[in-house]
Chemist: 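Pasting in a structure now, in structure tokens, and then I'll have a few things to ask.
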Amino acid sequence: MCGITGYLAKNAPQFVISALKMLEYRGYDSAGIATSNSKITIKKTLDGIDELGKNLKTKGNVAIGHTRWATHGKVSLKNTHPFTDCKKRVAIVHNGIITNWESLKKKMKNHKFSSETDSEIIAHLIGEQIEHGNTLLDACAKASKKLKGSFAFLAIEKGKKEIVGVCNESPLIVGEGDKIEGFSSDINAFPIQIEKIARLKDKEIAYVGRDKIELFDFNLKKQKIKWEEMEKKRIRLGEIFEHHTIKEIFEQPKVIFNVNMNEIKNAKKLLKSKRIVILACGSSKHAGEIGAREMFEKLKKEVKIEDASEIDYSPVRIDKNTVIIAVSQSGETADVLRVVKKAKGKGAKILSIINNPYSTLEKLSDYSIHLNCGQEIGVGATKSFLMQVLIFKLLSGERIDLKILSRELSKTIKGNLSRIKRISKWMAKKRDAYFIGKGKWKWAAMEGALKLKELSYIHAEGLGSGELKHGPLALIEKNSPLIAVGDNDSASTWNNAYEAKTRGAKIIGIAPRAQSFFDIWLKTSARFPLMSAAVNEQLLAYYTAVANKINPDRPKNLAKSVTVL
Ligand code: M6R
């Protein structure tokens, strides 16, 4: 996944740099900017957006920018966007994957390519059309028809005060304000000056000229623009938080109030279906695993759950009697979207649990329950995971007093904070950690391990506690951190933890009641032990990353949404 943006405004490059900072969560391997005056000027960097903004000529009315999560071609300046055609007449930035780039490239023998990316082909295709006398808009339309795959791209032409934006299966939004027009991959990256926005549909092209925005299909047939007033709630890091991740962890006692009970009530009707299959990846999958167990326990409903990238190889049947519950914070995870499209083709209904209401998954769904927890910028899922678990509990019929839950989550944070900061310094020196639990707690353990590894780069394994003695126990040595999660019914997990302690492990127990053998106890709420445990795990992972001087908002090699298969 990458972030793209572009502006037609006075000091456009400055708007692009500010927007790229907000888009950086989408990929931060490298970044670049192109401006158009009498010639196309390009600057690229591997050192972050602040570096890109340094000594940048801020004058100029047309600029496009890109922040990259590398897919085709390693992280290097030559593979960094923007790309130009051979004659440097046009520059483009692209988000998505062009699947037929190699066959197109073979046909363009007289072109000199400068990168290993799939994206560069777009610049050459447009350049060729400009060479034949087409306008930038015509050239983009003709080029788009030749492309296969997912793409949102922006193109500018030397000496022209215009930007063309093309959308197909990757998000692109056009925005307009007073003396400013522009594009963004994400609504939150628009500056305050943008007053209204329109989301492009697949196979649409937006033309932005001075005081003029027009929308077309790929045949250049004019389309009506559906403007929406720009929401004014924009995400900024407050004074008191050093990172988005900790800000988002602290927001949890508040955001739970945003759960929409009407949506839950309406969605319950879909649960009457014969077959329910939950589909998700990463943390959303862990929430789904917990949800499947809650539904089985409380609704006596058999629910299948599959990792979206594995479903093709699993014995799960999908047909017109199936409701797919697609769980995705971003609503852009390619693995999930692929299966959802396939399932729709077989007549299945799609119920999504989703944070981003502007996402592709939203468009594909028959009904959506929204997390409503505000944009999550930290790459590690925190508040979105908690909201997903909460929604599954409510869907399963659990009655939850949100005021009490909020109070309990605040108590968890305040009560354990200084202890967690202390343990994190110890944890930061470790190479490996083990998280164990049973039943739905196994998935709380898996989530704890995922959080620790992705934020702090410490190898962490999450497993069902009973599995420990079938192999992993061989790895336990003196002072190995073993984090056991459970509630007052978790006697067998505590037994398994004790077995590890006997072999030297240091036990961190995350539970409502302490066991005598716990070396460290992180107390959880007795009423909401699972959600309270998740918050403890998040804090542990966050402060361990901080102790290791790692930026937890931007773990290396990752991106906030994974839009590649
Ligand atoms: O946007 P999604 O919920 O579909 O994302 C799924 C995973 O990519 C995501 O949860 C990922 O595992 C996070 N980095 C976990 O913190």
Side-chain angles (χ1 to χ4, degrees), residues 2-20 23 31-44 52 56-68 80-96 114-115 117 119-131 133-144 147 151-167 170 172-176 179-185 189-190 200 204-216:
C2 304
I4 61 173
T5 185
Y7 284 99
L8 205 67
K10 199 170 167 213
N11 297 337
Q14 214 44 60
F15 282 108
V16 166
I17 295 293
S18 304
L20 286 179
L23 292 171
I33 182 167
T35 50
S36 161
N37 285 308
S38 53
K39 60 177 186 154
I40 299 271
T41 310
I42 288 184
K43 185 177 176 191
K44 301 182 181 187
L52 189 67
L56 191 75
K57 290 193 187 83
T58 52
K59 293 225 165 61
N61 300 319
V62 190
I64 55 174
H66 188 272
T67 179
R68 180 172 189 241
T80 299
H81 300 222
F83 295 111
T84 63
D85 61 322
C86 298
K87 295 197 173 162
K88 283 203 167 175
R89 283 183 163 187
V90 296
I92 66 101
V93 287
H94 164 231
N95 170 33
S114 60
S115 77
T117 66
S119 307
E120 191 184 351
I121 194 80
I122 303 172
H124 290 271
L125 286 172
I126 298 172
E128 202 166 66
Q129 295 299 331
I130 300 261
E131 195 71 17
N134 287 295
T135 63
L136 183 63
L137 177 64
D138 283 329
C140 286
K142 286 187 173 136
S144 301
L147 298 172
F151 48 92
F153 70 80
L154 303 179
I156 55 174
E157 186 183 352
K158 181 173 89 172
K160 298 276 169 65
K161 293 207 172 5
E162 58 190 14
I163 307 177
V164 176
V166 177
C167 172
S170 283
L172 188 63
I173 308 165
V174 62
E176 187 180 50
K179 299 198 178 84
I180 178 168
E181 293 91 26
F183 290 94
S184 174
S185 302
F190 279 124
L200 272 70
E204 280 189 342
I205 304 181
Y207 172 86
V208 165
R210 207 185 262 161
D211 301 326
K212 172 166 130 180
I213 298 184
E214 289 173 322
L215 191 66
F216 303 91

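Here the structure is a predicted model, which means the values were calculated and not measured. No hydrogens, no waters, no symmetry mates; every other heavy atom, side chains included, goes into these values.
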Chemist: Please name the pair of heavy atoms, one in Val90 and one in Ala123, separated by the smallest distance, quoted to 0.1 Å.
Modeler: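 Heavy-atom minimum between the residues: CG2-O, 3.6 Å.
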Chemist: Which pairs pass salt bridge (charged side-chain N to carboxylate O under 4.0 Å, His left out) with one or both residues in residues 80-93, sequence neighbours excluded?
Modeler: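 Of all non-adjacent pairs touching residues 80-93, those that pass salt bridge (charged side-chain N to carboxylate O under 4.0 Å, His left out) are Lys87-Glu131, Arg89-Glu131.
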Chemist: Is there side-chain contact between Phe151 and Val166, with heavy atoms separated by less than 4.5 Å?
Modeler: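 Side-chain contact under 4.5 Å: yes.
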Chemist: Using atom types as modelled, flag every donor-acceptor pair under 3.5 Å from a side chain in residues 153-161 to any protein atom, sequence neighbours excluded.
Modeler:
residue	atom	partner	partner atom	Å
Glu157	OE2	Lys160	NZ	3.4

Chemist: Does the Thr67 side chain pair with the main chain of Ala31, one donor and one acceptor, at a distance under 3.5 Å?
Modeler: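 Judged by distance alone, no pair lies under 3.5 Å.
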Chemist: Are Leu172 and Asn95 packed together at the side-chain level, in the sense that at least one heavy-atom pair is separated by less than 4.5 angstrom?
Modeler: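 Of all side-chain heavy-atom pairs linking Asn95 with Leu172, none is under 4.5 Å.
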Chemist: Within this structure, what is the CG-CD1 distance for the pair Asn11 and Ile17, rounded to the nearest 0.5 Å?
Modeler: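 The CG atom of Asn11 sits 12.0 Å away from the CD1 atom of Ile17.
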Chemist: If I compare all heavy atoms of Gly65 with all of Leu20, which pair ends up nearest, and what's the gap?
Modeler: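 Looks like C-CD2, 3.7 Å.
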Chemist: Partners of His94 by ring pair (Phe, Tyr, Trp, His ring centres under 6.0 Å), sequence neighbours excluded?
Modeler: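 Listed in chain order: nothing, the list is empty.
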Chemist: Could you measure the distance from the CG atom of Leu125 to the CD1 atom of Ile92? Nearest 0.5 Å is fine.
Modeler: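 So the CG of Leu125 and the CD1 of Ile92 are separated by 10.0 Å.
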Chemist: Applying salt bridge (Lys or Arg N to Asp or Glu O under 4.0 Å), can you list everything that pairs with Glu181, at least two apart in sequence or on another chain?
Modeler: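 Partners of Glu181 by the salt bridge (Lys or Arg N to Asp or Glu O under 4.0 Å) criterion come out as none, since no residue qualifies.
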Chemist: Output all residues satisfying side chain to side chain contact (heavy atoms under 4.5 Å, CB included) with Asn37, sequence neighbours left out; order by chain, then residue number.
Modeler: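 Applying side chain to side chain contact (heavy atoms under 4.5 Å, CB included) to Asn37 gives none.
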Chemist: Please report the shortest heavy-atom distance between Ala34 and Ala91, naming the atom on each side.
Modeler: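 Smallest heavy-atom distance, with atoms named: CB-CB, 3.9 Å.
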Chemist: Tell me the closest heavy-atom pair linking Thr80 and Gly32, and the distance in Å.
Modeler: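 The pair with the smallest heavy-atom distance is CG2-N, 4.1 Å.
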Chemist: So which heavy atom on Pro13 is nearest to which on Thr35, and how close?
Modeler: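 Distance-wise, the nearest heavy atoms are CG-CG2, 3.6 Å.
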Chemist: Output the distance between atom NZ (Lys44) and atom CG (Leu52), rounded to the nearest 0.5 Å.
Modeler: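 One gets 11.0 Å once the value is rounded to the nearest 0.5 Å.
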Chemist: With Tyr7, which residues qualify under ring pair (Phe, Tyr, Trp, His ring centres under 6.0 Å), at least two apart?
Modeler: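 Tyr7 satisfies ring pair (Phe, Tyr, Trp, His ring centres under 6.0 Å) with Phe15 once adjacent residues are dropped.
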Chemist: From Tyr207 OH over to Leu136 CG, what is the distance, rounded to the nearest 0.5 angstrom?
Modeler: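 So the OH of Tyr207 and the CG of Leu136 are separated by 8.0 Å.
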Chemist: How many angstroms lie between atom OG of Ser144 and atom CD1 of Ile126, to the nearest 0.5 angstrom?
Modeler: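 Interatomic distance, Ser144 OG to Ile126 CD1, rounded to 0.5 Å: 7.0 Å.
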Chemist: I'd like to check His81 versus Ser119 (side-chain heavy atoms, cut-off strictly below 4.5 Å). Are they in contact?
Modeler: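 Sidechains of Ser119 and His81: in contact.
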Chemist: Taking all heavy atoms of Glu162 and all of Leu8, pick out the closest pair and write down the distance.
Modeler: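 Where Glu162 meets Leu8 most closely, the heavy atoms are N-CD1, 3.8 Å.
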Chemist: Which value, rounded to the nearest 0.5 Å, describes the distance between His124 atom NE2 and Ser114 atom OG?
Modeler: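 The NE2 atom of His124 sits 6.0 Å away from the OG atom of Ser114.
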Chemist: Per the side-chain contact (heavy atoms from CB on, under 4.5 Å) rule, which among Ile163, Leu200, Leu215 passes with Val174?
Modeler: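 Between Val174 and the candidates, side-chain contact (heavy atoms from CB on, under 4.5 Å) is satisfied uniquely by Leu200.
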